[in-house]
Enquirer: 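Can you read through this structure? Questions will come right after.
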Amino acid sequence: MLPPQSDCRDICKVLVCLTHSRLLPKGLQLHAYVIKLGFETLPLVCHHLINFYSKTNLPHSSHKLFDSFPQKSATTWSSVISAFAQNDLPHLALRFFRRMLRHGLLPDDHTLPTATKSCAALSSLPTAHSLHALALKSANHFDVFVGSSLVDMYAKCGEINNARKVFDEMPHKNVVSWSGLIYGYSQLGLDEEALNLFKCALQQDYDIRVNDFTLSSVLRVCSASTLFELGKQVHGLCFKTSFDSSCFVASSLISLYSKCGVVEGGYKVFEEVKVRNLGMWNAMLIACAQHAHTGKTFELFEEMGSVGVKPNFITFLCLLYACSHAGLVERGKHYFGLMKEHGIEPGSQHYATMVDLLGRAGKLDEAFRVIEGMPMEPTESVWGALLTGCRIHGNTEWASFVADRIFEMGAVSSGINVLLSNAYAAAGRWEEAARARKMLRDQGIKKETGLSWVEEGNRVHTFAAGDRSHGKTKEIYEKLEELGEKIAKAGYVADTSFVLKEVDGDEKSQTIRYHSERLAIAFGLITFPQERPIRVMKNLRVCGDCHTAIKFISKCTGRVIIVRDNNRFHRFEEGKCTCGDYW
DNA sequence: CTAGGGTTAG
């Protein structure tokens with residue numbers, strides 16, 4: 001402890017250290033000492049204490065100090081508002097911000113960014129507009145902090161054009177303003193804009209415009225669009241700038257490699273970074289689960305626990321997903337139960353994954369009982385998971401029952417629409433099938449086209465079912481014919497039992513015969529070097545027969561084929577699906 | 001001293 005003669009400056013210095021190293025017990029001790037000395041009413045000491053409690057995640061202690069402090073200055077307000085904002089209490093932060101205004105204090109360069117942060121968290125447009133107006137009126141909106149926070153706020157509220165406007169009007173920009181806008185574009189799926197802006201940032205000297213935040217945002221764009229070649233170049237840049245050791249960058253890199261079908265690249269990144277945060281563990285777990293490296297998923301989870309990293313709800317989603325991918329029902333139940341021991345309440349996504357697991361395993365009754373036991377209203381994806389199970393097991397009675405439940409919910413996303421009308425059609429309930437289609441048409445939801453793509457060097461070849469637009473269409477179809485004969489000779493028989501009846505005439509036979517994967521794979525056979533696996537990416541679920549067909553293709557051609565089905569990867573080798581035969 | 005940005009899932 002400090003000697004009694006020490007003045008408040010020394011106490012503040014110690015408080016800064018304790019805050020920085022988040023030493024709560026020592027801080028509490030010092031606080032007691034401060035009270036004993038009667039220093040609590042000194043503004044400087046009080047502000048430090050408020051900040052200390054904010055950084056140690058005790059915002060209500062900050063609040064208490066604030067309330068009992070008599071001469072509240074702008075700094076006092078700013079400290080307490082920030083305490084709420086940084087501890088996920090955006091409503092409270094904004095309430096105190098408004099209260100401050102009512103006390104006749106104007107927002108400044110310090111209070112405004114905290115308020116915008118809370119507004120961004122709530123994604124509230126009216127608040128965003130009034131904060132912008134306040135910035136123009138009272139705060140120095142040319143300030144780089146104020147400007148950046150407005151960019152970020154608009155980006156997070158989805159008003160990207162306003163974000164751009166503020167950005168363009170900023171006389172001095174820093175890496176935060178650049179990153180904020182790039183992140184905003186990437187969030188809205190405006191990949192081209194995001195990448196263009198990134199290129200702009202690189203053209204200027206990138207020391208000030210590019211950092212780990214920027215790089216992870218750009219990497220996210222690359223993985224969302226499976227731009228593997230570009231992603232690898234960005235990885236090079238991460239290495240060059242030493243940002244590859246950042247957990248955030250590493251997490252994005254792991255996700256990039258995984259989503260591009262090269263999980264080995266993800267392992268390498270993971271191994272190279274020794275100090276790992278939760279996000280990074282989760283990224284690696286997700287990669288393993290998606291690629292059905294199931295044993296490795298469980299191993300990593302154990303390792304994570306042994307080095308003292310606590311799992312969160314995402315970690316358990318990964319584990320359940322891994323179980324669902326491998327068909328491990330008992331293991332899935334085990335992890336589902338383990339969540340409570342870790343103090344994590346299962347969310348609707350966890351339920352959806354459990355239902356998916358049970359449904360795929362054919363335990364439709366049990367899956368339904370899980371839904372009945374949910375403490376919240378089942379979401380569309382929960383019912384959708386059950387419907388997928390019905391489809392896989394061709395259970396039309398269950399399918400039509402589930403379809404009714406989904407139908408009752410009203411609004412349905414495009415992902416489920418075909419499943420829904422097919423379920424009715426399969427049960428012979430043609431009126432409902434037509435009504436489902438009509439309802440979806442009225443809502444303006446179109447059936448998404450299933451696209452596959454194969455990256456070859458710097459080129460990306462995309463294919464759709466029955467597509468003839470590719471330059472080498474003739475060769476591809478010839479190869480496909482040849483392949484068809486080969487696999488038929490090897491014993492392949494097209495299996496149509498899994499497909500619920502289509503309403504649109506002969507779409508079914510088209511789906512089987514000329515499915516896009518097979519086009520893409522056929523093309524892959526023409527161009528890809530023998531020693532590398534062929535990777536086929538796909539943006540929609542594929543099912544049943546493709547699985548069988550690809551098995552035969554891998555057998556007849558001796559090629560390793562990795563297929564991405566939504567975010568599930570399947571590895572085919574020598575006529576087998578080596579990741580658990582669980583499509 | 002008090003102030004702004006990110007990652008991982010679906």
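Chain naming here is simple, since letters A, B, ... match the order of the sequence lines and numbering starts at 1 in each. No hydrogens, no waters, no symmetry mates; every other heavy atom, side chains included, goes into these values.
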Enquirer: For the pair made of CG in A:Leu300 and P in B:dT8, what is the distance, rounded to whole Å?
Expert: 18 Å
Enquirer: Within the 4.0 Å heavy-atom criterion, would you say A:Val249 contacts the bases, only the backbone, or no part of the nucleic acid?
Expert: nothing
Enquirer: Starting at CG of A:Asp244 and ending at P of B:dT7, how long is that distance when rounded to a whole Å?
Expert: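 Roughly 18 Å, once rounded to whole Å.
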Enquirer: Of the options B:dT7, B:dT2, B:dA9, whose atoms approach the side-chain atoms of A:Ser255 most closely?
Expert: B:dA9
Enquirer: Check the phosphate of B:dA9 against A:Lys259, side-chain N and O only, distance under 4.0 Å to OP1 or OP2. Yes or no?
Expert: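 Result: yes.
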Enquirer: Between A:Leu131 (CG) and B:dG4 (C1'), how many Å, whole number?
Expert: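 Computing the A:Leu131:CG to B:dG4:C1' distance gives 13 Å.
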Enquirer: How long is the line joining OH of A:Tyr183 and C1' of B:dG5, in whole Å?
Expert: 10 Å
Enquirer: CG of A:Asn174 versus C1' of B:dG5: gap in Å, rounded?
Expert: 9 Å
Enquirer: Give the rounded distance in Å between these two atoms: CG of A:Leu94 and C1' of B:dA3.
Expert: 15 Å
Enquirer: Could you check, using the six-membered ring where one of them is a Trp, whether A:Phe298 and A:Tyr335 have ring centers closer than 6.0 angstrom?
Expert: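 So the answer is yes for these two rings.
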Enquirer: I want to verify a distance call: between B:dA3, B:dG5, B:dT7, whose nearest atom is closest to the A:Phe248 side chain?
Expert: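 Closest nucleotide among those given: B:dT7.
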Enquirer: Quick check with a 6.0 Å cut-off and a 45 degree axis cone: is A:Arg331 positioned over the face of A:Phe336's six-membered ring?
Expert: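 Cation-pi check for A:Arg331 and A:Phe336: fails.
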Enquirer: Check this for me: does any side-chain nitrogen of one of A:Lys173 and A:Asp143 sit under 4.0 Å from a carboxylate oxygen of the other?
Expert: no
Enquirer: Whole angstroms only, please: what is the CD1-P distance between A:Ile182 and B:dG4?
Expert: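 Distance check: A:Ile182 CD1 to B:dG4 P gives 21 Å.
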Enquirer: Under 4.0 Å, heavy atoms only, any strand: does A:Phe145 hit a base, just the sugar-phosphate, or nothing?
Expert: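 The answer is base, as A:Phe145 lies within the cut-off (heavy atoms under 4.0 Å) of a base atom.
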Enquirer: Out of B:dA3, B:dG10, B:dT7, which nucleotide sits closest to the side chain of A:Ser82?
Expert: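 Selected nucleotide: B:dA3.
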Enquirer: Please determine if A:Lys296 forms a cation-pi arrangement with A:Tyr267, meaning its NZ or CZ atom is less than 6.0 Å from the six-membered ring centre and no more than 45° off the ring axis.
Expert: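 Satisfied, under 6.0 Å and within 45°.
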Enquirer: Choose from B:dA9, B:dA3, B:dG5 the nucleotide whose nearest atom is closest to any side-chain atom of A:Phe213.
Expert: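 For A:Phe213, the side-chain atoms sit closest to B:dG5.
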Enquirer: OP1 or OP2 of B:dG5 sitting under 4.0 Å from any side-chain N/O of A:Lys117?
Expert: yes
Enquirer: Aromatic contact between A:Tyr257 and A:Phe228, with the criterion being ring centroids under 6.0 Å apart: yes or no?
Expert: yes
Enquirer: How is A:Asn312 classified with respect to the nucleic acid when contacts are heavy atoms under 4.0 Å: base, sugar-phosphate, or nothing?
Expert: nothing
Enquirer: For A:Ser252, report the nucleic acid contact type (base, sugar-phosphate, nothing); a contact means any heavy atom under 4.0 Å.
Expert: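 If one applies the 4.0 Å heavy-atom cut-off, A:Ser252 turns out to touch the sugar-phosphate alone, with no base involved.
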Enquirer: Is a donor from one side chain sitting under 3.5 angstrom from an acceptor on the other, for A:His350 and A:Glu345?
Expert: no
Enquirer: Indicate whether any N or O donor in one side chain lies under 3.5 Å from an N or O acceptor in the other, for A:Thr76 and A:Ser73.
Expert: yes
Enquirer: Counting heavy atoms from C-beta on, name the nucleotide in B:dA9, B:dC1, B:dT7 closest to the side chain of A:Ser216.
Expert: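 Closest of the options to the side chain of A:Ser216: B:dT7.
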Enquirer: Considering every strand and a 4.0 Å limit on heavy-atom distances, what is the contact class for A:Lys13: base, sugar-phosphate, or nothing?
Expert: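 Nothing, no heavy atom under 4.0 Å.
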Enquirer: What nucleic acid atoms does A:Asp212 come within less than 4.0 Å of, heavy atoms only: base, sugar-phosphate, or nothing?
Expert: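 Here A:Asp212 touches the bases of the nucleic acid.
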Enquirer: What nucleotide among B:dT2, B:dG10, B:dT8 has an atom nearest to a side-chain atom of A:Gln349?
Expert: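 So the nucleotide nearest the side chain must be B:dG10.
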Enquirer: What integer distance in Å separates A:His141:NE2 from B:dG4:C1'?
Expert: 17 Å
Enquirer: Could you tell me whether the side chain of A:Ser148 has a donor or acceptor atom within less than 3.5 Å of a complementary atom in the base of B:dG4?
Expert: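 Yes, a donor-acceptor pair under 3.5 Å.
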Enquirer: Contact class for A:Ser246 vs. all strands (heavy atom < 4.0 Å): base, sugar-phosphate, or nothing?
Expert: base
Enquirer: Which nucleotide sits closest to the side chain of A:Arg220: B:dG4, B:dT2, B:dT7?
Expert: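 The answer is B:dT7, which lies nearest to the side chain.
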Enquirer: Among B:dC1, B:dG4, B:dG5, which nucleotide has an atom closest to any side-chain atom of A:Leu44?
Expert: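 Selected nucleotide: B:dC1.
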Enquirer: Counting side-chain heavy atoms from C-beta on, which of B:dA3, B:dG5, B:dA9 comes nearest to A:Ile286?
Expert: B:dA9
Enquirer: Does a nitrogen or oxygen in the side chain of A:Asn51 sit under 4.0 Å from OP1 or OP2 of B:dT2?
Expert: yes
Enquirer: What contact category does A:His47 fall into here, base, sugar-phosphate, or nothing, at under 4.0 angstrom with non-hydrogen atoms?
Expert: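 No contact.
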Enquirer: Side chain of A:Pro113 only, heavy atoms from C-beta on: which candidate in B:dG4, B:dG5, B:dT8 is closest?
Expert: B:dG4
Enquirer: Within the 4.0 Å heavy-atom criterion, would you say A:Gln187 contacts the bases, only the backbone, or no part of the nucleic acid?
Expert: nothing
